[in-house]
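Take a look at the structure below.
Every number for a ligand or one of its atoms is a count from 1 in the order of the listing. All values below come from the heavy atoms of this structure, side chains included, with hydrogens, waters and symmetry mates left out.
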Amino acid sequence: MPTQSLVFLGAPASGKGTQGRRLAEFGGFSYLSTGGLLRTALREGTALGKEARPFLDRGEYVPDEVMLPMVIEWLGALKGAAILDGFPRTLAQAEALDTAYLEMGHPLPHSVFLDVPDEELRRRVTGRLECVSCHWVTSRGAFEVCSKCGGKMAPRADDEVVRFENRLNEFERLTFPLVRFYEERGRLTLIEALGSPEDIHTELRLKILL
Ligand code: ADP
């Protein structure tokens, strides 16, 4: 059982979800995708979904006041270490996360930055499908039915071009500074995430789990 949680940092379509889930399955981590959680809330029309919708529709980040209680609640029920995909995304979130781990008496999380050039991100985003039930991601045309749970595969609304550019801007402005935050604290591993999903997974295992 791993003891230190991991946070996955990376631009939209950098592979955080694919790699995060795979490493979680392999290494016995719990897994949380805040984007997946928000999209489920949207579909189910919950209070959280209603609050988050206008931000997601514009490709903007959901405010910290909404995200923090949601994640802190999830962490409260957590046993063992987790992989957090898409959280933290702002400095305030990273600081709050460290405080929560300190209060729980758990080791502070380590971060993994999946570094991918913008041009490659734009190329990837035009081709991806996500399972509406379990949020598994594939390339367009690869499968019509989710290979994990049998759910329906569909393009993600926020992958549409204008919204994608907004998400990329939000990433550069608000999330990229977290690379420095973790680096300064000696808790960053950088992965050049341009190879095949298989190769990146192998590199993660070698660099993170050994
Ligand atoms: P991607 O990393 O490909 O953009 P995600 O599924 O991680 O996809 O997130 C989708 C959207 O959900 C983000 O663009 C953002 O609007 C919202 N979101 C997810 N996590 C957070 C967070 N920690 N803080 C603010 N907004 C978030």
Side-chain angles (χ1 to χ4, degrees), residues 5-21 24 31-44 46 48-75 82-98 100 109 111-116 118 120-140 153-179 181-182 191 193 197:
S5 291
L6 299 174
V7 307
F8 271 57
L9 302 174
S14 60
K16 296 188 303 290
T18 308
Q19 296 299 337
R21 279 175 72 138
Y31 171 76
L32 176 69
S33 155
T34 44
L37 219 95
L38 289 169
R39 285 190 292 283
T40 301
L42 225 67
R43 219 182 27 255
E44 292 176 351
T46 63
L48 170 67
K50 292 198 175 94
E51 209 168 352
R53 179 179 292 282
F55 300 97
L56 292 167
D57 279 351
R58 293 192 296 263
E60 286 171 15
Y61 284 0
V62 175
D64 290 341
E65 306 83 79
V66 178
M67 296 307 298
L68 280 169
M70 179 182 117
V71 175
I72 301 291
E73 188 191 329
W74 188 88
L75 287 175
I83 289 186
L84 303 181
D85 159 17
F87 190 95
R89 262 182 154 93
T90 63
L91 277 174
Q93 290 180 10
E95 278 158 5
L97 188 66
D98 275 6
S111 74
V112 177
F113 174 43
L114 298 180
D115 194 10
V116 178
D118 288 1
E120 170 67 11
L121 297 171
R122 293 193 178 95
R123 199 186 60 74
R124 285 183 188 178
V125 84
T126 52
R128 69 175 174 176
L129 294 176
E130 186 184 68
C131 172
V132 296
S133 304
C134 78
H135 307 295
W136 183 249
V137 176
T138 61
S139 315
R140 188 160 294 177
M153 302 298 291
R156 258 172 56 177
D158 61 353
D159 279 349
E160 174 255 315
V161 177
V162 176
R163 267 186 267 185
F164 182 74
E165 290 302 319
N166 282 345
R167 283 157 62 211
L168 206 52
N169 284 337
E170 292 276 86
F171 169 77
E172 270 152 22
R173 192 168 66 87
L174 296 167
T175 309
F176 192 71
L178 298 193
V179 172
F181 173 93
Y182 286 110
I191 305 278

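- Here the side chain of Arg89 pairs no donor or acceptor atom with the backbone of Thr175 at under 3.5 angstrom.
- On a distance-only criterion, Ser33 and ligand 1 share no N/O pair closer than 3.5 Å.
- Of all protein heavy atoms, the one closest to atom 1 (P) of ligand 1 is Arg167 NH2, 3.4 Å.
- Of the candidates Arg89, Lys16, Arg58, Arg89 brings a heavy atom nearest to atom 5 (P) of ligand 1.
- Checked by atom type and distance alone, the side chain of Gln19 pairs as donor or acceptor with a backbone atom of Pro197 at under 3.5 Å.
- Put simply, no part of Phe55 is less than 4.0 Å from ligand 1, judged by heavy atoms.
- Looking only at distances, a side-chain donor or acceptor of Lys16 sits under 3.5 Å from a matching main-chain atom of Gly10.
- Every atom of ligand 1 is numbered from 1 in the order shown, and the set under 4.0 Å from a heavy atom of Phe87 is 23 (N).
- One N or O on the side chain of Thr34 and one on the backbone of Gly86 form a donor-acceptor pair closer than 3.5 Å.
- The closest approach between Arg39 and ligand 1 falls below 4.0 Å for a heavy atom of the residue.
- Here's the thing with Pro88: none of its N/O atoms is less than 3.5 angstrom from an N/O atom of ligand 1.
- Closest approach of Ala52 and Val62 over heavy atoms only: CB-CG2, 4.0 Å.
- The aromatic rings of Phe176 and Phe171 lie perpendicular to each other, with more than 60° between the two planes, well past the 30° mark.
- In this structure, Arg58 is positioned above the aromatic face of Phe55, its NZ or CZ under 6.0 Å from the six-membered ring centre and within 45° of the axis.
- In this structure, the protein non-hydrogen atom closest to atom 8 (O) of ligand 1 is Arg156 NH2, 3.1 Å.
- Of the protein's heavy atoms, Glu60 O, 2.7 Å lies nearest to atom 16 (O) of ligand 1.
- Counting heavy atoms under 4.0 Å from ligand 1, residue Leu38 touches it through the side chain alone.
- In plain terms, the two heavy atoms of Leu121 and Ala11 that are nearest each other are CD1-CB, 3.4 Å.
- Checked against a 3.5 angstrom limit, the closest N/O atoms of Asp158 and ligand 1 fall outside it.
- Within the 4.0 Å heavy-atom criterion, the part of Leu56 lying near ligand 1 is the side chain and not the backbone.
- A salt bridge is absent between Glu170 and Arg167: the closest approach of a Lys/Arg side-chain nitrogen to an acidic carboxylate oxygen does not fall below 4.0 angstrom.
- Close N/O approach between Asp85 and ligand 1 is not found [any backbone or side-chain N/O within under 3.5 Å].
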Item to check | Residues Tyr31, Leu6; criterion side-chain contact (heavy atoms from CB on, under 4.5 Å); working and verdict | outcome: CA-CA 10 Å; Tyr31 171 76; Leu6 299 174; over 6 Å; no
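- Here the side chains of Phe87 and Leu97 are in contact, with some heavy-atom distance below 4.5 Å.
- For atom 24 (N) of ligand 1, the nearest protein heavy atom (residue, atom name, distance) is Gln93 NE2, 3.0 Å.
- Residue contact annotation: Ala13 has a non-hydrogen atom under 4.0 Å from ligand 1.
- Ligand 1 has Arg128 within reach: a non-hydrogen atom of the residue lies less than 4.0 Å from it.
- Scanning the protein for heavy atoms near atom 25 (C) of ligand 1, the closest one is Val62 O, 3.1 Å.
- On a distance-only criterion, Gly36 and ligand 1 share no N/O pair closer than 3.5 Å.
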